[in-house]
There are 2 protein chains.
Amino acid sequence: MGQGADHLTSNQAQVLDHLRAANAPMTAYQLLGRMQNDRGAVAPPTVYRALKALEEAGLIRRIETLRAWAPVATVRPGVVVICDDCGTVRGVEAPGLLESLHERLVAEGFAEARKTIEVHGRCGDCAEDRA
Amino acid sequence: MGQGADHLTSNQAQVLDHLRAANAPMTAYQLLGRMQNDRGAVAPPTVYRALKALEEAGLIRRIETLRAWAPVATVRPGVVVICDDCGTVRGVEAPGLLESLHERLVAEGFAEARKTIEVHGRCGDCAEDRA
DNA sequence: CGGATATACGTTATAGTATAACATAGCGCA
DNA sequence: TGCGCTATGTTATACTATAACGTATATCCG
Ligand SMILES: [Zn+2]
Ligand SMILES: [Zn+2]
Ligand SMILES: [Zn+2]
Ligand SMILES: [Zn+2]
């Protein structure tokens, strides 16, 4: 399966570094602010282009429910689990789940092209903190 | 389970009518345009307030992957299936799937609060049209 | 070498999505 | 009547994303 480019430009690497250094998804404009701190003048297209390339390379994902970006490297499609307390995002492999959903839709004549599955809640660590 | 208001204001009913009359999700600003056609001056908060109330009442959902709104009345959480050709949106009940994902996450100590599952692809009707 | 192509990036402007903040109007009821 | 509540009106602004065009650089090949 095509995973996109095998090398990153300096813009792309910088955006990826910031996402990996964060412990929660970042909005495009948060990233823009960090880039401007680092380098002075940077405009939105610079950030969005890097995000697009990184997403196509399978290195990050847009978290649709947050309008933000996270360095989740799960194979697509996959399940993304988000803690609303601490912001951590994890990819979860759930092949059985995806397969049974797939069968279900095929039976109805629907040809699936892309799935987005995002689960919000509270992670184990945060639950302990409140105990 | 709280389903929200049991009666709709005129704004809310108007927004819901437009969504139901459409055969595809509508963006908030598309709705705004229709309202302005109907009534003259209308501002974005009028639309967004109606959307919020309708969503809380379980009558519509925001399709996160489209940044648009659709009159999907499935019980939440549920699976939303979107045809990228004709735009139709359907709610699909999949209690088994959701339960197995739930068990999986519980086992990891994650307390689920909200799931968003959106599947894009091509519906049976559109597949026939291309045959 | 010289020219064609491709890719990334810079820069300016603008489109598209959503909410803050405050004012007004109407209703139910003490 | 006066108060609290809800919905709505109104103005302004915040936030998210892309269009369009120009420039620099690398690469390929004639
Ligand atoms: Zn930095
Ligand atoms: Zn957490
Ligand atoms: Zn109308
Ligand atoms: Zn279709």
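We name chains A, B, ... by the order of the sequence lines, and we start the count at 1 in each one.
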Seminar exercise, completed: In B/S/- notation (B base, S sugar-phosphate only, - none; protein heavy atoms under 4.0 Å), nucleotides 19-25 of chain D written 5' to 3' is BB-----

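- The two atoms that bring P25(A) and Q30(A) nearest to each other are O-OE1, 4.1 Å, heavy atoms only.
- Of the candidate nucleotides dA17(D), dC9(C), dA18(C), dC9(C) has the atom nearest to the side chain of T9(A).
- No donor-acceptor contact under 3.5 Å links the side chain of Y29(A) to the base of dA14(D).
- A sub-4.0 Å separation between OP1 or OP2 of dC15(D) and a side-chain N or O of T27(A) is absent.
- Between R62(B) and dA18(C) there is a side-chain polar atom (N or O) within less than 4.0 angstrom of OP1 or OP2.
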For this session: Start with the C-alpha gap between V79(B) and V119(B), add the side-chain angles, then the distance that decides, and say whether side chain to side chain contact (heavy atoms under 4.5 Å, CB included) holds.
Result: CA-CA 7 Å; V79(B) 177; V119(B) 182; 4.0 Å; yes

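- If A50(A) and P44(A) are placed on DNA chain C by their nearest nucleotide, the residue sitting closer to the 5' end is A50(A).
- Side-chain atoms of Q14(B) and R39(B) include a donor-acceptor pair closer than 3.5 Å.
- Atom-to-atom, CG of L32(A) to P of dT11(C) comes out at 13 Å; the value is rounded to the nearest Å.
- Summarising the geometry, the separation between NZ on K52(A) and C1' on dT16(D) is reported as 17 Å, rounded to the nearest angstrom.
- Rounded to an integer number of Å, the gap from NE2 of H7(B) to P of dG28(C) is 11 Å.
- In this structure, L66(A) places its CG atom 16 Å from P of dC15(D), rounding to the nearest Å.
- With respect to R90(A) and E108(B), a salt bridge is recorded, a charged nitrogen being found less than 4.0 Å from a carboxylate O.
- Counting to the nearest Å, the P atom of dA17(D) and the CG atom of L51(A) are 9 Å from each other.
- The nearest whole Å value for the distance from the CD1 atom in I63(B) to the P atom in dA18(C) is 12 Å.
- Between E64(A) and R62(A) a salt bridge is recorded (basic side-chain N to carboxylate O distance below 4.0 Å).
- Of the candidate nucleotides dT12(C), dA17(D), dT8(D), dT12(C) has the atom nearest to the side chain of A43(A).
- Atom C1' of nucleotide dA25(C) and atom CG of N11(B) are separated by 14 Å, given to the nearest angstrom.
- One can place CD of Q12(B) at 13 Å from P of dT6(D), the figure rounded to the nearest angstrom.
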Problem set entry | Intermediate values then yes/no, side chain to side chain contact (heavy atoms under 4.5 Å, CB included), H120(B) and K115(A) | CA-CA 6 Å; H120(B) 286 260; K115(A) 277 195 275 281; over 6 Å; no

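- Looking at E118(A) and T65(A), their side chains do bring a donor and an acceptor atom within 3.5 Å of each other.
- Between dG9(D) and T46(B), a contact under 4.0 Å exists linking OP1 or OP2 to a side-chain N or O.
- Formation of a donor-acceptor pair under 3.5 Å by the Q12(B) side chain with backbone atoms of T9(B) is found in this model.
- Taking 4.0 angstrom as the limit, R39(B) places none of its side-chain polar atoms (N or O) nearer than this to OP1 or OP2 of dT8(D).
- Nearest-nucleotide positions on DNA chain D for W69(A) and A41(B) put A41(B) closer to the 5' end.
- We find that the ring of Y48(B) and the base of dT19(C) do not stack by the test of centres under 5.5 angstrom and planes tilted less than 30°.
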